[in-house]
Number of protein chains: 2
Amino acid sequence: MKTKSTIVQVAKRIGVAPSTVSRAFTDPGKLKPETVQRVMDAAAEIGYVPNHHARALITGRSGAIGLVLPDVANPFFPPLIRYAQLAAEDYGLAVFVADTAEDTKRELQMIERLSPQVEGLIIASSRLSDRVLQTIAERQPTVLINRDVAGVPRVLISTSKALEEGLRHLVEAGHTRIAYVGGPARSWSDAQRHGCVQSTLERFGLEPHFFRAKSGNYADALEVSGEVEAAGATAVIAFDDVVAHGLMSGFRAHGLRVPEDINVLGCDDTLAITTHPPLSSISLDLASAARSAVTILRSAGRPGASSDQRFELEGSLVLRGTTN
Amino acid sequence: MKTKSTIVQVAKRIGVAPSTVSRAFTDPGKLKPETVQRVMDAAAEIGYVPNHHARALITGRSGAIGLVLPDVANPFFPPLIRYAQLAAEDYGLAVFVADTAEDTKRELQMIERLSPQVEGLIIASSRLSDRVLQTIAERQPTVLINRDVAGVPRVLISTSKALEEGLRHLVEAGHTRIAYVGGPARSWSDAQRHGCVQSTLERFGLEPHFFRAKSGNYADALEVSGEVEAAGATAVIAFDDVVAHGLMSGFRAHGLRVPEDINVLGCDDTLAITTHPPLSSISLDLASAARSAVTILRSAGRPGASSDQRFELEGSLVLRGTTN
DNA sequence: TATTGTCGTGCAAACGTTTGCATGCAAGAG
DNA sequence: CTCTTGCATGCAAACGTTTGCACGACAATA
């Protein structure tokens, strides 16, 4: 592990000022092409690589962003991590990932810890209050994912249109007792989906039946399946695919067949074809969402950036084997 | 977004030298308790928070580690991320996550990009060659997870004992045609499991049947299930739970019942009870693994650190509904 | 030929810390 | 009463960059 080489060593080597070496890396257009080449060669020879921290210290830009999310293990998030990282790469940014374990206290703590060492924060599915989020956003560039807070840039992955379409499909197929099984109480997505089911069903003159899988995990959904069944629902919309999966297992355990006895529509399309039968769901363009978030983050803090950007994109209905 | 406050502003405020403020934060024992208190109060008042980069510049420690892994979306890794982050937190370290998308080129690239800005690297399930990994480890503190390269610190999550136990169980239940369906070709875990199945079965005087799900994902496993069936296997060991899941779906599609017609044993226990029937698998202590990795990383680079640490921990067999 | 402009490069002052050394002071030892 | 010791703090030099300003050379214009 030999000692790191610096910009002045490179400079000495070819008899040039340190500032010239610096410029060769940060703004080559200012230099004679030949000089740039000489610098690059020398740098390569002695294995010079710019010191991130020195650079960050003087420019005030850390070259990193933070991605905070409630639960890495929830299949919704890993793709988000991947795409966010991919997008960040294009801007030369690295990504800190912080798992808050669905804990508000911890979320705040992680944000405060990350805050000073990143250029911006992407906060996905935050459980924090609007006020707190606004305060955070005032302090540094922030973009929210799936959380709609006025005045702070956000990208929302809406499922309203697709959900409406799915509901219409169910109603047309003759279903009249339709249930919605919600997820985490503080989740924006859950509120949105809940509201959509309610208003759409009312429009059809149907009364919605609401249930909730407290933590939105498989076990909770499994448990609540009995109630759904007891309510006599013939179709159920699940907060997300993992809830849908749990419900299906519960139904099967009780001898109900999907889709013959009860239809199931998931959301987020994280499980795709891995259930039996393959789960009908609502597919999300996470790649776009992540890319937008990073882009917005980049432009935030810049002069003339609107602080009230709201980027909404729609999921699309994918009918597979759990609906008829 | 008011301007950040610095150490000298805090110092001025209470008429003390900047170095004193610095010490209050880094080495309070050196100061009179009363002074420390005054510094802390003043810091809190003007909202001072130490600048990470300035600190990193002079100490040479960046306060971050990198975690590189082949695929965030593989359910094996999210828990690893969470636990690694938890362990890192205890040392005041933040975690960069890098997804290599199972691509060797990209893995190397990510490592080189991350390398200058972290204190150490945790590389999980690397697809790089031994030689390359050794070179990397020479340049900076590195610990490998599930990769056994001499001379570089590593934590191995072995499944040999549990696998042997599982095989014995199957054999005692009367199975004679037992198959192993492997995963990614360059994976250490796969090689280890393959070898274990081979030697154990030979010991029992049985001939193993080998197959492979190329990328180790659900779709590949689904596809290979036909071959396994055609070979007349009555029990199959899968590289991991997602392969097991794919196989089960394939079997079911062909009218085979699990476990009546064919037994299935997964590995890594990432799917737990979410399959039907609940998957027998081998459970891993990822929390310990992550914690060890971080701890080893911390001690590496320190004087007197052995460069050949090899930390091995065993998985444990969990019999559920897919074996009899 | 004198004047202005452009281009390529160097100089030196930051950026916000940490840390070895020096200093002053009070208390204990002789 | 002097001398030593140790503690609490201050001073100033780093750490490795970036960047505004200045400078000289040369070309273009007048």
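Note on naming: letters A, B, ... go to the chains in the order of the sequence lines (proteins, then strands), and numbering restarts at 1 for each one.
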Asks: Tell me whether the OP1 or OP2 atom of D/dT18 has a side-chain N or O from A/Ser22 closer than 4.0 Å.
Replies: yes

Asks: Looking at C/dG10, D/dT9, D/dT17, which one has an atom nearest to any side-chain atom of A/Tyr48?
Replies: D/dT17

Asks: Between C/dT18, D/dT17, C/dT19, which nucleotide gets closest to the side-chain atoms of B/Arg23?
Replies: C/dT19

Asks: Can you measure A/Lys32 atom NZ to C/dG10 atom P for me and round it to whole angstrom units?
Replies: 10 Å

Asks: With the side chain of B/Asn51 defined as its heavy atoms from C-beta on, choose the nearest nucleotide among D/dA12, C/dT9, C/dT17.
Replies: C/dT17

Asks: What integer distance in Å separates B/Asp27:CG from D/dT9:P?
Replies: 13 Å

Asks: Rounded to whole Å, please give me the gap between NE2 in B/His53 and P in D/dT18.
Replies: 14 Å

Asks: Touch check for B/Thr20, heavy atoms < 4.0 angstrom, all strands: base, sugar-phosphate only, or nothing?
Replies: sugar-phosphate

Asks: If you check the B/Leu31 side chain, which of C/dT9, C/dT17, D/dT9 turns out closest?
Replies: D/dT9

Asks: For the atom pair CD (B/Glu107) and CG (B/Leu69), what is the distance rounded to the nearest 0.5 Å?
Replies: 9.5 Å

Asks: Expressed in angstrom and rounded to an integer, what is the separation of A/Arg61 atom CZ from C/dC15 atom C1'?
Replies: 15 Å

Asks: So which nucleotide from D/dC11, D/dT17, C/dC11 ends up closest to the side chain of B/Ser19?
Replies: D/dC11

Asks: Are A/Asp27 and A/Lys30 close enough for a salt bridge, meaning some N to O gap below 4.0 Å?
Replies: yes

Asks: Quickly work out the A/Phe25 CZ to D/dG16 C1' distance and round it to whole Å.
Replies: 13 Å

Asks: Name the closest nucleotide to the A/Ala54 side chain, picking from D/dG10, D/dG16, D/dT18.
Replies: D/dG16

Asks: Contact class for A/Thr59 (heavy atom, under 4.0 Å): base, sugar-phosphate, or nothing?
Replies: sugar-phosphate

Asks: Which of these nucleotides, D/dT18, C/dT19, D/dG16, is closest to any side-chain atom of A/Thr26?
Replies: D/dT18

Asks: Send over the distance from A/Lys4 NZ to D/dG16 C1', rounded to a whole Å.
Replies: 13 Å

Asks: I'd like to know whether OH of A/Tyr48 has more than 12 heavy-atom contacts from other residues, nucleotides or ligands below 6.0 angstrom.
Replies: yes

Asks: Does the C/dC15 base have a donor-acceptor partner in the side chain of B/Thr6 within less than 3.5 Å?
Replies: no

Asks: Closer than 4.0 angstrom, basic N to acidic O: yes or no for B/Arg154 and B/Glu312?
Replies: no

Asks: Out of C/dT19, D/dG16, C/dT9, which nucleotide sits closest to the side chain of B/Leu57?
Replies: D/dG16

Asks: Which nucleotide wins on minimum distance to the side chain of B/Ile7, given the candidates C/dG8, C/dT18, D/dT18?
Replies: C/dT18

Asks: Measure from CD on B/Glu34 to P on D/dC7 and round the result to the nearest Å.
Replies: 18 Å

Asks: Once you round it to whole Å, what is the distance between P of D/dT19 and CZ of A/Arg55?
Replies: 9 Å

Asks: Can A/Ser125 and A/Asn146 be counted as having a side-chain donor-acceptor contact under 3.5 angstrom?
Replies: no

Asks: Salt bridge between B/Asp99 and B/Arg106, side-chain N to carboxylate O under 4.0 Å?
Replies: no

Asks: Starting the side chain at C-beta, find the nucleotide from D/dC15, C/dT9, D/dG16 nearest to B/Ile58.
Replies: D/dC15

